[in-house]
Amino acid sequence: MIKLESLSKHFGKTVVLDGIDLTIEKGEIVVIIGPSGTGKSTLLRCINFLEQPTSGTMTVGNLTVDVNRASRGDILAMRRQTAFVFQNYALFANKTALQNIAERLLVVDKWPKEKAYRRAREILEQIGLAEKADAYPASMSGGQQQRVGIGRAMAAGAEVILFDEPTSSLDPEWVEEVLGLMKQLASERQTMMVVTHEMSFARDVADRVIFIDGGHIVEQGPPSEIFHNPKDPRTKDFLKKILATNPV
Amino acid sequence: MDVLNVEYMLGLVPVLLRYLPLTLQLAGIGMVLALFLACLFAVVRVLRIPVLNQLTIVFISFFRGTPLLVQLFLFYYGLPQLFSALTVIDGVTATVMGLTMHFSAYMAESIRAAIVGVDRSQTEAALSIGMTNGQLMRRIVLPQATRVALPTLMNYFIDMIKATSLAFTLGVTELMGATQKEAAGSFLYFEAFIVAAIMYWIVVELLSKLQNYLETRLNKAYNR
Amino acid sequence: MKTLLINTLLAISLFASAPLLAQDKPLRVGMSGQYFPFTFVEQDELKGFEVDVMNALGKEMGRDIQYETANFSGLFGMLQSGRIDTVANQITITDERKKAYIFSDPYVYDGAQVVTKEGNTEVRGVEDLKGKTVAVNLGSNFEALLEELPYADQITIKTYESNLERDTALGRVDAFVMDRVSASQIIKEKPLPLELAGPTFSQITNAYPFHDTEAGRALRDEVNKALETLRDNGTLASISEKWFGTDITQP
């Protein structure tokens, strides 16, 4: 379970997140939508402490921290509970696909080598890239890289996987294979928070859609409700624009 | 111009070869220590560790800002004048100290640049899976920075080999010192220094081969 | 405050160098190894006038000699920092150096030397150059030295790029002037009928510098005593003859 209470993030005088309150149940698939620059990515990055939140409290699993009193140990523990999938994949350039997935198990979780690599191979099977085990990121397509990126997040056994626009950097031909893998994860009831502009994914896979604008949660609900019966004029406006370019 | 005295040159080869190992030792030990120190400095600079960062900046500034020969003189002649117990620093030690500090200052800056040049996304990815700063440096950033820094570091190593020729000023008879003295005895300066030059050249050529090999290995991950 | 500091340091260094007084310690001698024929290397062997003299001194004193070679620019630093006891590299006694070090008695006397054709009875020294033609090397300071003589206006000076010794031997000039050591070497090495005429003028003396400490003074006295013996028994002269064909250890 994830619980955010009055989570805020200021960049200087700019308020990017303004007191977000949010609870996500275990196994829930949440898709976050909203205009660019409204704090969607920042929200995910705050949960992973890639950004230091300005104030608020976060609970992930059985770990609760007041962001202002978080020790180094708290931050590391929080990161270990929240896996991150980056828009630009961000695979370790000096490591093979297999090593990318095993890295966290070896270094952070201190698994023995053999066990870590066995687990990494299992994940490679799951993401359909067993034959790419020894390939380096530079030699893989964008779609393959992002699948390894997801595999790396899966290896963590984290409470939640945070997807930050996972298909935005991909050529259109690779989008489907990545979304397919995410759907597979969703069907296994992996708790997920996904920031995306893929409205079809939101409609088909999400348990809940959250619309964020101006650092606030404007509206949230099941996809059917948000897409077919939005209440707030800002939600209506956003959907009208985005559905014109990305029809569901 | 007289013809080159080839017989003298050939006779000089085995004599000078006796001093080549010392030259290589000075540079080799200096390089290992300098690399270690430079990595430490670079990490301190990149992570901006308080106090250490300021000290490192001053250290680098001094050792980059003054000639190596001046530093060697300071270590070898200057310090014992202040503290007579430091006369125990012999010429070899002072040379290695000088080479280490001088070149670590230069190398720290190129390693720092290479570290800073590693894509920010690499750092974020490592942090996101819960690595500590140390793990991040050791496993992700330094290996990638090594690839970028390698050609520059090799250049410094080559430079260091040649800089060992200053050691004779501290009474350490290495390849250059031996050559100077032999040339003074025979007046065949051109011949003597040609032999020494060829020896340095061969060593540097072998190092270039090593560099190519290492570069190929380190670039393996980056070939499409 | 500053003097106190210096005195303290001096006292410490004195204390530290005190064991040097022990007879069993070798005398540590610095030289460049690059000044033919005084100190040079042939097939890895250190040789030369300085080495021969120093070995003879060591034998006389009953001390081993430990040679340390370094570039000339490093020698005084090694002496200053106590890594060697003295320098054997034709160190000229100057007022500047006398402020920092004490010197042994001179063992080489050098200076401007008049050289004539062998058998020249007219020119037997610098005072005989009046009315003569004298060769000097272009760019050397010997021309200036001749100009300083009271009878300079009666000397015809000819400057040479090279081969002034040949013209002297051929009688085209009456004499040439250069430093005694170089002149001696030319006479020894070239098959030309030349000889030194008279003693040097504008004399310089070369000697061994030591630290101005108790230990340094003791070493200096020891070396002086041995030098005197070697001078008296002709050893110095014979070493000089061997390398220069003349005795440069006398004024």
Side-chain angles (χ1 to χ4, degrees), chain B residues 7-19 67 69-95 98 165-189 192-193 195, chain C residues 2 5-6 8-20 28-51 66-85 87 89-90 100 185 189 211 213 215 243:
Chain B
E7 201 182 325
Y8 171 75
M9 288 169 72
L10 291 176
L12 204 52
V13 169
V15 175
L16 293 188
L17 271 181
R18 273 172 236 161
Y19 295 92
L69 191 57
V70 172
Q71 294 160 15
L72 291 179
F73 277 21
L74 283 178
F75 286 128
Y76 191 60
Y77 303 126
L79 289 181
Q81 207 176 317
L82 295 182
F83 314 100
S84 62
L86 290 180
T87 309
V88 297
I89 300 175
D90 62 11
V92 172
T93 313
T95 306
S165 58
L166 293 174
F168 187 47
T169 307
L170 308 192
V172 179
T173 302
E174 37 59 71
L175 182 52
M176 185 62 182
T179 311
Q180 277 176 268
K181 289 189 287 183
E182 291 287 345
S186 64
F187 284 98
L188 295 170
Y189 287 94
F193 286 111
V195 172
Chain C
K2 205 174 164 193
L5 184 71
I6 291 169
T8 314
L9 290 174
L10 269 178
I12 292 169
S13 62
L14 239 172
F15 182 71
S17 52
L20 291 179
R28 298 166 305 167
V29 178
M31 51 176 60
S32 74
Q34 297 170 70
Y35 188 9
F36 186 88
F38 293 101
T39 158
F40 61 97
V41 170
E42 242 172 32
Q43 290 287 306
D44 228 7
E45 194 192 336
L46 195 59
K47 299 176 177 176
F49 171 82
E50 294 283 15
V51 178
Q66 183 186 322
Y67 292 104
E68 302 282 348
T69 52
N71 265 335
F72 186 79
S73 53
L75 290 175
F76 275 98
M78 289 171 82
L79 179 62
Q80 186 65 40
S81 59
R83 288 183 171 90
I84 51 177
D85 301 312
V87 178
N89 208 86
Q90 293 303 294
Q185 268 177 272
E189 275 164 28
H211 269 294
T213 60
W243 291 103

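Quick note on labels: first sequence line is chain A, next is B, and so on, each numbered from 1. The analysis underlying the following values was restricted to heavy atoms, covering all of them including side chains, and did not include hydrogens, waters or symmetry mates.
Only the side chain of B:T173 comes within less than 4.5 Å of a heavy atom in chain C; its backbone stays farther off. For C:Y35, the part lying under 4.5 angstrom from a heavy atom of chain B is the backbone only. If you measure heavy-atom distances from B:Y76 to chain C, the contacts under 4.5 Å come from both the backbone and the side chain. Proximity to chain C (any heavy atom under 4.5 Å) is shown, for B:L188, by neither the backbone nor the side chain. Only the backbone of B:L86 comes within less than 4.5 Å of a heavy atom in chain C; its side chain stays farther off.
Separating the CD atom in C:E68 from the CG atom in B:D90 is a distance of 9.5 Å, to the nearest 0.5 Å.
Minimum heavy-atom separation, C:G33 to B:A184: O-CB, 3.8 Å. Scanning both residues, C:R83 and B:I89, for their nearest heavy atoms gives NH2-O, 2.6 Å. Looking at every heavy atom in both residues, B:T169 comes nearest to C:A70 through O-CB, 3.9 Å.
Listed options C:G30, C:P37, C:S73 were ranked by heavy-atom pairs under 4.5 angstrom with chain B; first place goes to C:S73.
Scanning for ring pair (Phe, Tyr, Trp, His ring centres under 6.0 Å) contacts around B:F73 gives B:Y77, with sequence neighbours left out.
Heavy-atom proximity under 4.5 angstrom to chain B picks out C:E42, C:Q43, C:D44 from residues 42-51 of chain C.
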